[in-house]
Protein chains: 2
Amino acid sequence: MSKPRAKLTDNFPGCPVESTLGFLDGKWKGVILYHLLENGTLRFNELRRRIPSVTQRMLTKQLRELEEAGLLERTVFAVVPPRVDYTLTPLGLSLEPVITALRVWGKEHVICRDGKKFVVAPEEQVALEAA
Amino acid sequence: MSKPRAKLTDNFPGCPVESTLGFLDGKWKGVILYHLLENGTLRFNELRRRIPSVTQRMLTKQLRELEEAGLLERTVFAVVPPRVDYTLTPLGLSLEPVITALRVWGKEHVICRDGKKFVVAPEEQVALEAA
DNA sequence: TTTCACGGTATACTTTTGGGTACTATACAC
DNA sequence: GTGTATAGTACCCAAAAGTATACCGTGAAA
């Protein structure tokens, strides 16, 4: 997607980190990739039900970007009502260690409470309450 | 940082992924974290030299945000010229598996060439040339 | 006949957010 | 005056996200 990330003009150390993050830029991409990793193939509406607060518009948009980046593929069925399946490509599947690391860290260090995000430091100490 | 990410109002599956990504949002944060992980403590200018195309303004800004998120701490020395050291907190250090996963994936799948980014699919096939 | 539901996507427009530029500041040394 | 190292403010604009509305074909219900 087009979210600004470190330009890859220079191939400086740490550049691969930002490159990878560039593939995950976009409000719902991390979650989308997570669900496709967990479930294999999902329809548009199945994804939407798993991500309660995403709008149709944004889900369509992010899915298209992920497709363009080569991380997933769409299978359009010539049926009515319309049916479109989304599956990760081998490239998308190769992101599994990344998504897993992200999920594990988030699960251990971030607590959701009353719409707020609490960060838990490794010492189980609430280091910061971020709105 | 303040880049739009999935709100944590709902604690739906996949939410931890987006939570973690929220800590990495910002043009230079991935690289900054990488360098601090590799080197322990770095001064402002040492960081800047390792990230060739970052501006002072943006580096200051992203460092401040990382500090506010509890991922790093600043040590200000009462000297002239000014000296400020940046070190990861334990929370920041706990991101090591994440940063490593990002770096490994980027190294294997993204090629930088002539200012363009090429994606290499697991089958060593150039799947997409992304500008 | 008309309306609604189904599932998915498009266009037009608005609002929000992030990254960048330009300039300024500090104290000391040369 | 210029350089060192670090960081602040003001402002601009591009990009991302969001809202509203429309579209498609078929079947069912009013």
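All values derive from a computational prediction rather than experimental measurement. Chain letters run A, B, ... following the sequence lines, proteins first and then strands; every chain starts at 1.
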Distance, rounded to the nearest Å, where [X] contributes [atom1] and [N] contributes [atom2]:
| X | N | atom1 | atom2 | answer |
| --- | --- | --- | --- | --- |
| B:Arg49 | D:dA5 | CZ | C1' | 10 Å |
| B:Phe44 | D:dT4 | CZ | P | 14 Å |
| A:Leu59 | D:dT19 | CG | C1' | 16 Å |
| B:Gln62 | D:dG8 | CD | P | 13 Å |
| A:Ile51 | C:dG8 | CD1 | C1' | 15 Å |
| A:Leu63 | C:dA10 | CG | C1' | 15 Å |
| A:Glu67 | C:dT9 | CD | P | 9 Å |
| B:Met58 | D:dC12 | CE | C1' | 14 Å |

I want to confirm an ordering. Mapping B:Asp85 and A:Thr55 to their closest nucleotides on DNA chain D, which one lands closer to the 5' end?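 Closer to the 5' end of DNA chain D: B:Asp85.
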
Scan A:Phe77 against the nucleic acid and name what it touches under 4.0 Å (heavy atoms): base, sugar-phosphate only, or nothing.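 A:Phe77: no heavy atom of the nucleic acid under 4.0 Å.
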
If you look at every strand shown and take non-hydrogen atoms under 4.0 Å, does A:Arg48 touch a base, only sugar-phosphate, or nothing?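 A:Arg48: no heavy atom of the nucleic acid under 4.0 Å.
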
Do the side chains of [Y] and [X] get nearer than 4.5 Å, heavy atoms only?
| X | Y | result |
| --- | --- | --- |
| A:Ser94 | A:Leu91 | yes |
| A:Leu42 | A:Arg50 | yes |
| B:Ile32 | B:Tyr86 | no |
| B:Leu59 | B:Trp28 | no |

Taking the side chain of [X] as its heavy atoms from C-beta onward, which of [options] lies nearest to it?
| X | options | answer |
| --- | --- | --- |
| A:Pro81 | C:dC6, C:dG19, D:dG18 | C:dC6 |
| A:Arg43 | C:dT9, D:dT6, C:dG8 | C:dG8 |
| B:Gln56 | D:dG8, C:dA10, D:dT6 | D:dT6 |
| A:Thr60 | C:dC6, C:dA10, D:dT9 | C:dA10 |
| A:Val84 | C:dG8, D:dG18, D:dT6 | C:dG8 |

Under 4.0 Å between a side-chain nitrogen and a carboxylate oxygen: does that hold for A:Glu65 and A:Lys61?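 The answer is yes: the pair qualifies as a salt bridge.
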
Determine whether the side chains of A:Thr60 and A:Gln56 contain a donor N or O and an acceptor N or O closer than 3.5 Å.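 The answer is no; no qualifying pair exists.
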
Verify the contact: side-chain N or O of [X] to OP1 or OP2 of [N], cut-off strictly under 4.0 Å; return yes or no.
| X | N | answer |
| --- | --- | --- |
| B:Lys27 | C:dG20 | yes |
| A:Asn45 | C:dG8 | yes |
| B:Arg64 | D:dG8 | yes |
| A:Tyr86 | C:dG7 | no |

Is any side-chain N or O of A:Arg57 under 3.5 Å from a base N or O of D:dT19, one able to act as donor and the other as acceptor?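 Donor-acceptor pair under 3.5 Å: yes.
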
